[in-house]
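In what follows, a structure is listed as structure tokens, so that the remarks can point back to it.
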Amino acid sequence: MSQQNPVSTTSATVQVFASPGSWIESSAVDQCHQVAALDGMIHVAGMPDLHPGKGAPIGAAMTSSVLYPFLVGSDIGCGIAVFPFRLKRVVPERLATRFPDLDAPLDPADLGDVEIPAAYTDQLGTVGRGNHFVELARVDAVLDDRHAARLGLAAGDTVLIVHSGSRGLGERILRAHTEVHGAGPAADADAYLAAHDDAVRWGHLNRRLMAERVAAALGAELGDPVTDECHNSVRVRDGSYLHRKGAAPGDGRDVLIAGTRGTHSFLVAGHAGAEAGHSVAHGAGRKMSRADALRRGKVKHTVEELRRTTVGSLVVCGDRQLLFEEAPTAYKRIEQVIGDLVAHRLATPVVSTLPLVTYKTADVAPRRGGRR
DNA sequence: ATGTGC
């Protein structure tokens, strides 16, 4: 699309898909209205996991006649994949110690003839930080028998859930734009989209490579993903740019909506229309900022209870601060988010999963003397 | 969420 499109002078529409019982921070709704006031903006759809981000809301699908890279953010192509993952024996305590180091990049020599988008190999096979994780989980409840059967999923099956993105590549692409244009639109939308699409492909490849690393280390049989959808992206749809920031494609696609590292996640079938930006939520949504979660978590939780959760799962995380920032209590209840999607007819739950072992970042060796 | 600077 060219930059010749007429620029609207009135604000775009804003619609938030959350029930009154779902507390959405007013600052996140304010951010939706700030985005709606941008030149060319047509519609902003807030998901039930809407929360404030840096400059733009997280958990939103934003449609406009011009492309704004900052609405996608730095982690272009971030998404969640679910792989069938067959193991002979499932002993979480044992598996947790055998997880590979997903902070260390793969040796390029091990990549063979894999075609790498953007020729960026530095961080391939690494999970990153923040809310990213790699989780061995068990299918708990089957909520739609026929759909689950179609995906080959049954209660008790183990799956590997991989939530990660394009690491430094996406950050580099956003920065290249921001250094020249700040929060303004892309001067050359097609050039941005080409780089963006590379980052999306890199993200898909990265999630696959991590699944292969974990399967090799745990001696598991890895299947093709039942879903692998991005929640940070932009695409041309119906002649407009549809930006998704913390919003998964919900137009006839199956997506995993992540709970927390100690609660259920839900694989859902999305059927969202234009008013919802053809999107569904991407997770439970933060209830507390990272700073608040750290401050309050240190009072409320011990490291031990965050490393072994109330559902009996183990969290591999050598970073204490990250453990507190990502505490389940820092997030909203995933059941509320799913309930809101169902109430607004945006999605149908297919299965729920429960974590067994969640990898966040490499464990530190216990210090001599027993100090923690 | 990120790389980078304090």
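Being a predicted model, the structure only gives us computed values, none of them experimental. Chain letters run A, B, ... following the sequence lines, proteins first, then strands; residues in each count from 1.
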Using whole Å, report how far [atom1] of [X] lies from [atom2] of [N].
{"X": "Lys245(A)", "N": "dA1(B)", "atom1": "NZ", "atom2": "C1'", "result": "7 Å"}
{"X": "Leu174(A)", "N": "dA1(B)", "atom1": "CG", "atom2": "C1'", "result": "11 Å"}
{"X": "His51(A)", "N": "dA1(B)", "atom1": "NE2", "atom2": "P", "result": "7 Å"}
{"X": "Leu102(A)", "N": "dA1(B)", "atom1": "CG", "atom2": "C1'", "result": "17 Å"}
{"X": "Arg290(A)", "N": "dA1(B)", "atom1": "CZ", "atom2": "C1'", "result": "8 Å"}
{"X": "Arg172(A)", "N": "dG3(B)", "atom1": "CZ", "atom2": "P", "result": "10 Å"}
{"X": "Asn206(A)", "N": "dT2(B)", "atom1": "CG", "atom2": "P", "result": "10 Å"}
{"X": "Glu171(A)", "N": "dA1(B)", "atom1": "CD", "atom2": "C1'", "result": "9 Å"}

### Asp103(A) and Thr361(A): side chain donor to acceptor below 3.5 Å
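Indeed, the side chains of Asp103(A) and Thr361(A) share at least one donor-acceptor pair under 3.5 Å.
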Inset, instruction - Using only heavy-atom distances, determine whether the side chains of Ser164(A) and Arg207(A) contain a donor-acceptor pair under 3.5 Å. - result: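 No, no side-chain donor-acceptor pair sits under 3.5 Å.
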Looking at every strand, decide which applies to Arg167(A) at a 4.0 Å heavy-atom threshold: base, sugar-phosphate, or nothing.
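Result for Arg167(A) = sugar-phosphate.
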task: Indicate, with a heavy-atom threshold strictly under 4.0 Å, whether Gln123(A) touches base, sugar-phosphate, or nothing.
output: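 Answer is sugar-phosphate: Gln123(A) comes under 4.0 Å of backbone atoms only.
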Do the side-chain N or O atoms of Arg129(A) get closer than 4.0 angstrom to the phosphate oxygens (OP1, OP2) of dG3(B)?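 So the side chain of Arg129(A) is outside the cut-off, no N or O lying under 4.0 Å from OP1 or OP2 of dG3(B).
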| query | Distance-only, no hydrogens or angles: does the Thr97(A) side chain make a donor-acceptor pair with backbone N or O of Leu95(A) under 3.5 Å? | reply | no
Q) Relative to each other, are the rings of His196(A) and Tyr192(A) parallel, tilted or perpendicular (30° and 60° limits)? A) tilted
